[in-house]
Amino acid sequence: MSDYRTLNRSVWCKVESSSGTDAVPTAGSNGVLVENPNSNLQLNTFDTNEVTGSLDARAPIPSTGNAGFSGRVYLHGSGAAGTTLPEVDPFLKACGFSPTAFAAAVTGTAQAGASSTITLASGASATNDFYRGTVIVTTGGTGSGQTRQIKSYVGSTKVATVTPAWSVTPDNTTTYSIAACHIYKQVSSSIPTVTIYEWLHRTDGGNSKLRAQVGCAGTFTLAVQSGQGCYFDFQMTGSLVQPTDPSVPSAATYQSTRPIAFVNTINCVLDGTSFALDNFSFDAGNEVQQIGDPRADFGLGIAGITRRRAGGTFRAPMDLEATRDVFSGWANGTEAVMSVVWGATAGNRFAVMSDHMVYSGVNDADVNGFLYAETPFRCNRENDSFMITFW
């Protein structure tokens, strides 16, 4: 009987200050709750076909090696949006998503409003799209109590465009709060690599087994399902490190928030129209490569993202063309906008927005006997066509 148990493992992950150099994750700062972690060591060999006077081939010869890591991380916040990064942060960074922090709520009194815009106070940022992806709540005056996501912002005029349109148009009596948050957007430069430690602990009290990987980059799929917890499935690639048997480490510290079910959404909107979203998946679409490097211990260099084809699929009840015209959108290459905002507790609330979606097909789907439309899409904007907001 094995002294190891499937659940008696822990995963630590830390951004590397120098790519390919062990960042030395610690139990107190770098623990990540991962479901079904799997370190896959790729040990490559080559064969010869020398004649030896017998029919038996010689043993294969070790050549290069690399490491893969996969695991599921459920979506949950840090409990302190805008000031404390979520546990999943290093994985997202290594997948080409960089966070922007709004450490405190931005509050003020609107100067004006229109059906789908609000003119922020005169002291608001002068930078275009500064508030893009944030969640704004009207807190008083005309139209109080509405929650919307900002999809664009003009710094010179202070006009923020929201989705969906307001139910009650704000005016110069309306007070607002732009929530403290971290917004993760795609980037194409300054993408870090991470060190991943997977610890396997023994039940007999002996030393643990450590599978370490350095120089890791990767990709992920984000899944959102009605009534279920939302999660990232990560696929990481990095440089191979010889497993070791160190002493048992300290128990990892994890953030106290827990995943929430995707129910009671504040907004679930496609092109300004509310709809019942059954499920949604987003694929970061990263291609990750390693090249041969004879200076590396096992002949392959650090991993890096070389290309991205971001996209996904959403499933919603079948509807009239007048309500959701996927066919015309596909035929014309028209970009769609989807915003989903959910969660009730500050520090453990979320929003996703894709405002440059191009439909790439449509399929029928059966959901417990009801007819749904399953619609794949591709993202069509450089770097920030898809945003994940922790607020």
| said: Can you confirm whether Asn264 is buried at CG, in the sense that more than 12 heavy atoms of other residues, nucleotides or ligands lie under 6.0 Å from that atom? | reply: no
| field | Any donor-acceptor N or O pair under 3.5 Å, side chains Thr142, Asp171 | value | yes
Without placing hydrogens or testing angles, list every side-chain donor-acceptor pair under 3.5 Å for residues 280-293, not counting sequence neighbours.
from: Asp283; atom 1: OD1; to: Gly285; atom 2: N; distance (Å): 2.9
from: Asn286; atom 1: ND2; to: Cys95; atom 2: O; distance (Å): 2.8
from: Asn286; atom 1: ND2; to: Gly218; atom 2: O; distance (Å): 3.0
from: Gln290; atom 1: OE1; to: Asn66; atom 2: ND2; distance (Å): 2.9
from: Gln290; atom 1: NE2; to: Gly238; atom 2: O; distance (Å): 3.3
from: Gln290; atom 1: NE2; to: Gly301; atom 2: O; distance (Å): 2.7
from: Asp293; atom 1: OD1; to: Arg295; atom 2: N; distance (Å): 2.9
from: Asp293; atom 1: OD1; to: Arg295; atom 2: NE; distance (Å): 3.0
from: Asp293; atom 1: OD2; to: Arg295; atom 2: NH2; distance (Å): 3.2

| Taking 4.0 angstrom as the limit, do Asp271 and Arg324 come out as a salt bridge? | no
| More than 12 heavy atoms from other groups under 6.0 Å of CD on Glu382 | no
| field | Lys/Arg cation over aromatic Tyr231: Arg72, 6.0 Å, 45° cone | value | yes
| query | With a 4.0 Å cut-off, would you call Asp129 and Arg381 a salt bridge? | reply | yes
| request: Evaluate the ring planes of Tyr184 and His182, with Trp represented by its six-membered ring, and classify them as parallel (under 30°), tilted (30 to 60°) or perpendicular (over 60°). | output: tilted
| Does Arg202 make a cation-pi contact with Tyr4, if we ask for NZ or CZ under 6.0 Å from the ring centre and within 45° of the axis? | yes
| message | Parallel, tilted or perpendicular: which one describes the rings of Phe350 and Trp342, with boundaries at 30° and 60°? | response | tilted
| note | Looking only at heavy atoms, the pair that brings Pro164 and Gly272 closest together is CB-O, 4.0 Å
| For the residue pair Tyr131 and Tyr153, is the inter-centroid distance of their aromatic rings smaller than 6.0 Å? | yes
| request: Can you establish whether the number of heavy atoms outside Arg5 located under 6.0 Å from its atom CZ is more than 12? | output: yes
